[in-house]
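Following: one structure in structure tokens, then a few remarks.
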Amino acid sequence: MYKLLLAALTSLLLAGCSDQSWRTTDVADIMPSLDFSLVDDNGDNVQADEYLGKPTLVYFGYTFCPDVCPITLARLGDAIRQLDDETRDEIQVLFISVDPARDTPEVLKRYTNAFGPEFTGLTGDKADIDAITNRYRIAYEYGEENENGDYLVTHSSAVFAFDREGNAQFLVRDSHPITDVQADIKRLTEKS
Amino acid sequence: MANKALNVTAQRVTQRLALSALALLLTAGVAQAQTQTLEVSNARLSLLPGNTPGAGYFELYNTGDEAVTLVGAKSPAFDSVEIHVSSEHDGMAHMHELTSIEIASGERFEFAPKGHHLMFMRRVEPLNIGDDVDVVLEFSDEQQLPVTFNVVSPASM
Ligand SMILES: [Cu+2]
């Protein structure tokens, strides 16, 4: 028991002084840096390095998803908007579609606009989408089409955070308290 | 022997007829009585611009003595409405359709973000934030419960 307590205290102290650890899940050493070649929600071809200079949050989803995706983006938007203006203006959120057949730039633009100016939708050829999902070892899977031709997509649920240089830093899961997410986002904007 | 069997059948038919007549007479009243044992609150339809699907969230409170089974929903504002549940396993977000949900006597069942929801697909006409949408919840005992959903933006929930 005491040992456990001691261990807990030590890790708390370490977390307090260390530059390296995040309140959410630290992935700095296990995730590759930001790299992709996709199409943005204006229909322009874009490369990852065009997004460097600002801390970036990345979420993989699809617009036909009415529940998990919009709620995740809305909560992220809320978390960002509750921070001070400086932090807010620094952050950008990329919503990368894993359903390019339905998520055209036009559909994505209308969708991301609803969440705020910091949100950008990205889509592309299936091969380009696969290049980035493979890079981060993220799976996605299409369900069967119903009689209307509609289908659901199983996709990763985490939000990935990159620093200004595009280095992976932390990932946010549903289970992380919003205050931890906010603290990490704020620290990310203060970093370097 | 044959006569007797015939008689019994005739008797059964008469009984059945009487029962159906009674049932017919009572149907309206019974349906209403059952409806009153179900309370829906906080019904909102989370919707984005365009033609992407919406999610219906609400609380269904069964104040009756018996369990009820929700088997579907329909709305004149959408071509298709399904009962869905979202879940998360190993960092993956899943969503699938449910054919029914049983709500026990006295139970408050919540349709809430990232859990159970009504999935509204293919809107018939454009909808705006603040609009009211008529929805009918359908139960296994044939009862139909009309509910008004208020259109909200997920960004404001
Ligand atoms: Cu759904």
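Owing to the predicted nature of the structure, the values given are computational and were not obtained by experimental measurement. In what follows, chains are A, B, ... by sequence order, proteins preceding strands, each numbered from 1.
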Q: Give a yes or no on whether a salt bridge exists between A/Asp84 and A/Lys186, defined as a side-chain N under 4.0 angstrom from a carboxylate O.
A: yes

(Q) Within the 4.5 Å heavy-atom criterion, are B/Asn42 and B/Phe58 side-chain neighbours or not? (A) no

Q.
Could you check whether A/Tyr136 and A/Phe162 have their ring centres less than 6.0 Å apart?
A. yes

Q. Side chain, backbone, both or neither: which part of B/Ser156 has an atom under 4.5 Å from a heavy atom of chain A?
A. neither

Q: Please list, in residue-number order, every residue in residues 112-130 of chain A that has a heavy atom less than 4.5 Å from any heavy atom of chain B; write 'none' if there are none.
A: A/Ala114, A/Phe115

Q: Residue by residue, scan residues 51-60 of chain A and write down, ordered by number, those that have a heavy-atom distance under 4.5 Å to chain B; if none do, write 'none'.
A: none

Q. Can you check whether A/Leu188 reaches A/Trp22 side chain to side chain, under 4.5 Å on heavy atoms?
A. yes

**Q.** Max heavy-atom pair count under 4.5 Å with chain A, selected residue of B/Arg122, B/Met119, B/Glu88, B/Met95
**A.** B/Arg122

Q) Do you know which two heavy atoms are closest between B/Ser86 and B/His117, and how far apart they sit? A) OG-CE1, 3.2 Å

Q: Would you please indicate yes or no on a ring centroid separation below 6.0 angstrom for B/His84 and B/His96?
A: no

Q: Compute whether any side-chain donor of one residue and acceptor of the other, for A/Thr24 and A/Asp184, lie under 3.5 angstrom apart.
A: yes

Q. Are A/Arg102 and A/Phe64 in a cation-pi setup, meaning NZ or CZ lies under 6.0 angstrom from the ring centre and within 45 degrees of the ring axis?
A. yes

Q: Name the region of B/Tyr57, side chain, backbone, both or neither, that has any atom closer than 4.5 Å to a heavy atom of chain A.
A: side chain

Q.
What part of A/Arg75 gets within 4.5 angstrom of chain B, counting heavy atoms only: side chain, backbone, both, or neither?
A. side chain

Q.
Salt bridge check, A/Asp67 against B/Lys114: does any charged N sit closer than 4.0 Å to a carboxylate O?
A. no

Q: Specify the closest pair of heavy atoms between B/Pro113 and B/Arg44, including all atoms of both residues, with the distance to one decimal.
A: CD-NH2, 4.2 Å

Q) For chain A, which of B/Gly91, B/Ser46, B/Ser153, B/Ala55 has the most heavy-atom pairs under 4.5 Å? A) B/Gly91

Q. How far apart are the closest heavy atoms of B/Phe149 and B/Gly56, and which atoms are they?
A. CE2-CA, 3.9 Å

Q: With A/His155 as reference, evaluate A/Tyr62, A/Tyr140, A/Phe95 under the ring-ring contact (aromatic ring centres under 6.0 Å, His included) test and give the passing residue.
A: A/Tyr62

